[in-house]
Amino acid sequence: MSSLDQPVGITASSTGVASSTAKPVSIGTLFAFAAPALGLYAVGLPVAVYLPPFYADNLGLGLTVVGQIFMLCRLFDLAADLGLGAISDRVRSRFGRRRSMLVLAVPLMGLGAWQMFMPPAGAGALYVLCWLVVMYAGYALGVISHMSWGAELSPDYHQRSRIQGWREMAGIVGMVSLLALPAILEQIQGGTKADHIAAMGWFIMAIFPLGVLWCVFKVPDPSTASAGPSNHPGLRETFLTIARNRLVRRVLLADLMAGVPPAVTGALFVFMVEAVARAPGITATLLLGYFVAGIIGIPGWMAISYRFGKHRAFALGALWNCALALCFLLVSPGDTAALTVITLLYGLGYASGTFLLKAIMADVADEDEMRTGHNRTGLFFGVLTMTNKVGFALAVGVTYPLLALFGFSPAAAASAGIDQPIEGAGALLALFVFLPFAMNLAAAAIMARFPLDAPRLAEVHRVLSERRSAE
């Protein structure tokens with residue numbers, strides 16, 4: 001039996017897991033539930049990889065302006081995450097709480113993707129700012145409702161890893177498919193970079209609605225029927241709720257730390273390959289390999305989480321990423337073999353943190369409901385999405401202006417010969433290696449001794465079950 005289909009009742013000596021009576025989520029349900037992630041993830045890291053360089057270079061907005069726009073949009077969107085998370089907890093609908101919100105995300109994300117990936121000639125900073133906010137609003141609504149839905153599909157400690165793992169794999173498949181488009185188009189008909197960007201937009205506009213359609217008609221939405229009462233705090237009460245919950249604080253801090261490294265990798269990867277490794281001809285292939293390795297690595301991290309617990313698997317994944325980040329210092333100009341091997345190994349740890357933290361946050365929401373009597377799953381996942389956005393905002397909004405400060409120019413890097421020095425290349429390599437290293441190391445330290453494990457969650461569910469039976 002593969003690690004993907006590990007039964008619920010795993011017993012592991014290190015976690016003391018007792019057999020669970022929760023019904024396993026079927027493979028068919030997992031496929032349908034994961035389908036929206038194909039489009040959602042296509043708006044995530046690929047946006048950071050392709051859109052900022054496209055607007056900075058091809059549309060002439062410059063590194064500093066683009067970096068500031070992307071950071072401003074992410075930071076502006078933070079308040080929306082809190083509001084959308086709380087609203088998703090309030091919804092009472094025969095159609096389903098999470099299902100309704102996911103459907104609403106479709107027109108927002110589709111319209112934003114249309115304008116961002118197919119900009120008119122002369123699109124300026126205000127155009128990018130406005131439509132990026134629209135696209136990110138649809139993205140946030142989709143991600144929060146989808147993650148919260150996954151948290152409520154099963155109460156089991158290990159099933160939650162399985163559900164979020166499938167979601168993560170589907171998302172990476174979406175990213176790989178999107179990133180493959182430029183390479184495929186180059187082989188078939190060539191075309192300009194603008195043509196390739198437009199093809200990505202059409203992909204998102206097609207695949208996300210189809211995935212949502214499959215999900216909403218095939219996956220049960222248990223939230224309205226089974227969840228406890230939700231609390232609807234204001235902004236002050238929201239921050240107090242988070243500040244008082246030490247488990248939420250640790251997960252959010254770990255997510256912030258772990259969210260920066262892949263964002264830095266995505267934002268700087270094209271520049272690093274061109275200016276440091278001097279191998280621009282294999283950039284698209286390396287990106288595809290990196291994400292394919294991420295898909296391959298997820299079953300392994302799931303198996304580690306079954307054996308040692310989700311928090312320990314997360315810490316081990318963060319340490320793996322620390323070690324591989326340092327290996328990029330060994331790459332010399334033109335050494336494509338070393339670059340390829342290190343990139344693929346680095347990719348194995350790409351998804352180790354994201355899906356495990358989502359599964360852990362589902363456990364934390366149950367523990368919070370046990371203590372407070374309120375269901376705040378959507379709110380907590382809204383805040384989790386917020387910390388992830390902070391990481392991506394910092395990656396582009398800080399690294400791009402720093403590169404400009406050190407004199408790095410994408411145009412100069414693309415045209416330089418293999419023996420010609422490139423100004424700012426040293427700063428680029430330092431940011432690419434040491435920023436992810438420091439963040440991953442901090443994330444591992446935060447989660448290594450996380451107290452909410454499988455036995456503790458079983459006790460939480462026992463209390464919740466007795467309380468709901470008495471109501």
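Counting all heavy atoms, side chain and backbone alike, Met257 lies closest to Ala443 at CB-CB, 3.8 Å. Residue Val25 comes nearest to Ser154 through the heavy atom pair CG2-CB, 4.2 Å, listed as atom of the first residue, atom of the second, then distance. Heavy atoms only, all atoms of each residue included: Pro24 and Gln159 are closest at CA-OE1, 3.5 Å. Between Trp214 and Ala32, the closest heavy-atom pair is NE1-CB, 3.7 Å. Closest approach of Met361 to Val248, counting heavy atoms only: CE-CG1, 4.5 Å. The shortest non-hydrogen separation linking His311 to Met447 is CB-O, 3.4 Å.
In terms of modelled atom types and a separation under 3.5 Å, the side chain of Arg99 and the main chain of Ser145 share no donor-acceptor contact. Remark: side-chain polar atoms of Arg312 are paired, donor with acceptor, to backbone N or O of Phe308 under 3.5 angstrom.
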One pair to check against salt bridge (charged side-chain N to carboxylate O under 4.0 Å, His left out): Glu152 and Arg98. What are the steps and the verdict?
CA-CA 10 Å; Glu152 293 163 345; Arg98 312 303 179 189; 2.8 Å; yes
For His146 and Phe33, run ring pair (Phe, Tyr, Trp, His ring centres under 6.0 Å): C-alpha distance rounded to whole Å, both residues' side-chain angles, the deciding distance at 0.1 Å, then the answer.
CA-CA 8 Å; His146 198 223; Phe33 169 73; 4.3 Å; yes
Evaluate the criterion salt bridge (charged side-chain N to carboxylate O under 4.0 Å, His left out) for residue pair Arg456 and Glu459; output intermediate values, then yes/no.
CA-CA 5 Å; Arg456 171 59 180 161; Glu459 176 64 18; 5.7 Å; no
Check step by step if ring pair (Phe, Tyr, Trp, His ring centres under 6.0 Å) holds for Trp166 and Phe31.
CA-CA 8 Å; Trp166 274 76; Phe31 269 111; 4.9 Å; yes
Check the pair Asp368, Arg371 against salt bridge (charged side-chain N to carboxylate O under 4.0 Å, His left out), reporting the backbone distance first and the verdict last.
CA-CA 5 Å; Asp368 178 79; Arg371 289 187 301 101; 3.4 Å; yes
Under the criterion side chain to side chain contact (heavy atoms under 4.5 Å, CB included), I'd like the reasoning laid out for Lys310 against Asp363: C-alpha separation, chi angles, the key distance, then a yes or no.
CA-CA 11 Å; Lys310 287 180 280 197; Asp363 301 339; 2.5 Å; yes
Assess the residue pair Leu268 and Tyr400 against the criterion (side chain to side chain contact (heavy atoms under 4.5 Å, CB included)); give the C-alpha distance rounded to whole Å, side-chain angles, the decisive distance to 0.1 Å, and a yes or no.
CA-CA 8 Å; Leu268 301 184; Tyr400 272 37; 4.1 Å; yes
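The CG atom of Leu384 sits 4.5 Å away from atom CG of Asp255, with the distance rounded to the nearest 0.5 Å. The structure places CH2 of Trp202 at 8.0 Å from CH2 of Trp114, a figure rounded to the nearest 0.5 Å. Taken to the nearest 0.5 Å, the CE atom of Met101 stands 8.5 Å off from the CD1 atom of Ile144. The distance from the CG atom of Asn440 to the CH2 atom of Trp320 is 13.0 Å, given to the nearest 0.5 Å. In this structure, CG in Leu102 is found 10.5 Å from OG in Ser148, a value given to the nearest 0.5 Å. Ile342 CD1 to Tyr346 OH: the interatomic distance, rounded to the nearest 0.5 Å, is 11.5 Å.
With a 4.5 Å cut-off on side-chain heavy atoms, Met175 and Tyr350 count as touching. With a 4.5 Å cut-off on side-chain heavy atoms, Leu252 and Phe380 do not count as touching. Side-chain contact between Leu132 and Met116: present, with at least one pair of heavy atoms (C-beta onward) separated by less than 4.5 Å. Annotation: side chain of Leu329 is in contact with side chain of Phe434 (closest heavy-atom distance under 4.5 Å). No side-chain heavy atom of Leu38 sits under 4.5 Å from any side-chain heavy atom of Ser177. When side chains are defined from C-beta on, Asn321 does not count as touching Pro261, because their heavy atoms never get closer than 4.5 Å.
Phe432 and Phe269 have tilted rings, their planes meeting at an angle from 30° to 60° on a 0 to 90° scale.
A donor-acceptor pair shorter than 3.5 Å can be found between the side chains of His461 and Asp366. Between the side chains of Thr29 and Ser26, at least one donor N or O sits under 3.5 Å from an acceptor N or O. Defined by atom type and a distance below 3.5 Å, a donor-acceptor pair is present between the side-chain atoms of Tyr41 and Arg167.
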